[in-house]
Amino acid sequence: MRHTITVTLAACLLATLAACGGSDDDKPTVSKATDTPSAATKPTPSPSPTKEKLRLGDTVNVNSDGIKFSAAALAYKDKGVTSPPGMLQDGQKLARVEVKVCNKGDEPITVTPFVWSLAYEDGVRVEPFHMSGGGLPQPVYPMDAKVSGGDCVRGNVFFEVSERAGRAERVLYSPQDLDEPVEWPTGK
């Protein structure tokens, strides 16, 4: 009898989940955060976040399957970023992006530096690598950190780039749920 109740309960639960489950139309939304929200301003979902005009320091709000968070590329620097001796290969330098992600929901989320990248004018994209320790500009963005609802994580994401590469054109944020990356031009 107990097994039958458990199976029946499980079947009802699956039926409920199937009825409430998402469809192919459930796409994540991205919108530029506003400093002064008002009743007249309603954020509109943007299936193409790259069309938003963002600047370094601007925050975007992301809603994906009920998980709500914000992300911002706060600053970019590729000159004079210190690194411990012997860490970089010859002809390489460090670039860093200061980033911040805030959990706007109730459930914990996990953040990682590996969803951030740099894009150059010639099509080259550089992925970050995680470093920690003395000699690096602090704070270092954490690796696979859990963020509780209402909490934020801020830190530096580091990139090993060629000294001849010049300045990156854009900072990209590409979490798995987004179809297109969110982009912040780095300026000149």
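Every value quoted in this text rests on a predicted model; they were computed, and no experiment measured them. Below, all heavy atoms of this structure are taken into account, side chains as well, without hydrogens, waters or symmetry copies.
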Residue pair V171 / A73: nearest heavy atoms and the distance that separates them: CG1-CB, 3.9 Å
Check step by step if side-chain contact (heavy atoms from CB on, under 4.5 Å) holds for Y120 and V161. CA-CA 11 Å; Y120 288 82; V161 298; 3.3 Å; yes
Which atom names give the shortest non-hydrogen contact between D58 and W184, and what distance separates them? O-NE1, 3.0 Å
Cluster overlap L74 with V115, hydrophobic side-chain contacts below 4.5 Å: no
Around atom CG of D151, are there more than 12 heavy atoms of other residues, nucleotides or ligands at under 6.0 Å? yes
Here the pair of heavy atoms bringing G80 nearest to K77 is O-NZ, 4.2 Å
Flag yes if V140 and M87 sit in one hydrophobic cluster, no otherwise; membership is Ile, Leu, Val, Met, Phe, Trp, Tyr, and two members link when side-chain heavy atoms are under 4.5 Å apart. yes
Taking a hydrophobic cluster as the set of Ile, Leu, Val, Met, Phe, Trp and Tyr residues connected by side-chain heavy atoms closer than 4.5 Å, whether directly or through intermediates, do F158 and L172 fall within one such cluster? no
Using the salt bridge (charged side-chain N to carboxylate O under 4.0 Å, His left out) rule, take E183 and R170 through it: C-alpha gap first, then chi angles, then the decisive distance, then the call. CA-CA 6 Å; E183 302 181 359; R170 296 165 285 144; 3.0 Å; yes
Heavy-atom count around E163 CD within 6.0 Å, excluding the residue itself: above 12? yes
Check against side-chain contact (heavy atoms from CB on, under 4.5 Å), L136 and L94: CA-CA 10 Å; L136 292 172; L94 272 186; 3.9 Å; yes
Backbone N or O of D78 within a donor-acceptor pair of the K93 side chain at under 3.5 Å? yes
Please determine whether residues V124 and F159 belong to a single hydrophobic cluster, defined as Ile, Leu, Val, Met, Phe, Trp and Tyr linked transitively by side-chain heavy-atom distances below 4.5 Å. yes
When the ring planes of W116 and Y173 are compared, do they come out parallel, tilted or perpendicular, using 30° and 60° as the limits? tilted
Kindly indicate whether the side chain of T82, heavy atoms from C-beta on, has any atom under 4.5 Å from the side chain of P137. yes
Let me confirm one number: the CG-SG distance from N61 to C102, rounded to the nearest 0.5 Å. 9.5 Å
Flag the pair V182 / L54 as yes when at least one side-chain heavy-atom distance between them is below 4.5 Å, and no otherwise. yes
In terms of heavy-atom contacts, does CD of E107 have more than 12 from other residues, nucleotides or ligands at under 6.0 Å? no
What's the spacing between R96 CZ and N156 CG if we round to 0.5 Å? 4.5 Å
Determine yes or no for a side-chain-to-main-chain donor-acceptor pair under 3.5 angstrom, with R167 supplying the side chain and T186 the backbone. yes
Side chains of V62 and K68 in contact at under 4.5 Å (non-hydrogen atoms): no
Result for side-chain contact (heavy atoms from CB on, under 4.5 Å) between V111 and one of V99, V147, D144 points to V147
Ignoring hydrogens and geometry, is there a side-chain-to-backbone donor-acceptor pair from D177 to S64 under 3.5 Å? no
Is the shortest side-chain heavy-atom distance between P185 and R55 below 4.5 Å? no
Q89 versus E160, closest heavy-atom pair with distance: N-OE2, 3.4 Å
Can you tell me if Y76 uses its side chain to pair, donor with acceptor, with the backbone of L118 under 3.5 Å? no
Could you give the distance from NZ (K104) to SG (C152), rounded to the nearest 0.5 Å? 6.5 Å
Closest heavy-atom pair and its distance - P113, P142: CD-O, 3.3 Å
Find out if a path of hydrophobic residues (ILVMFWY) with successive side-chain heavy-atom gaps under 4.5 Å connects F114 to V126. no
Inter-residue atom distance S148.OG - N103.CG, 0.5 Å rounding: 7.5 Å
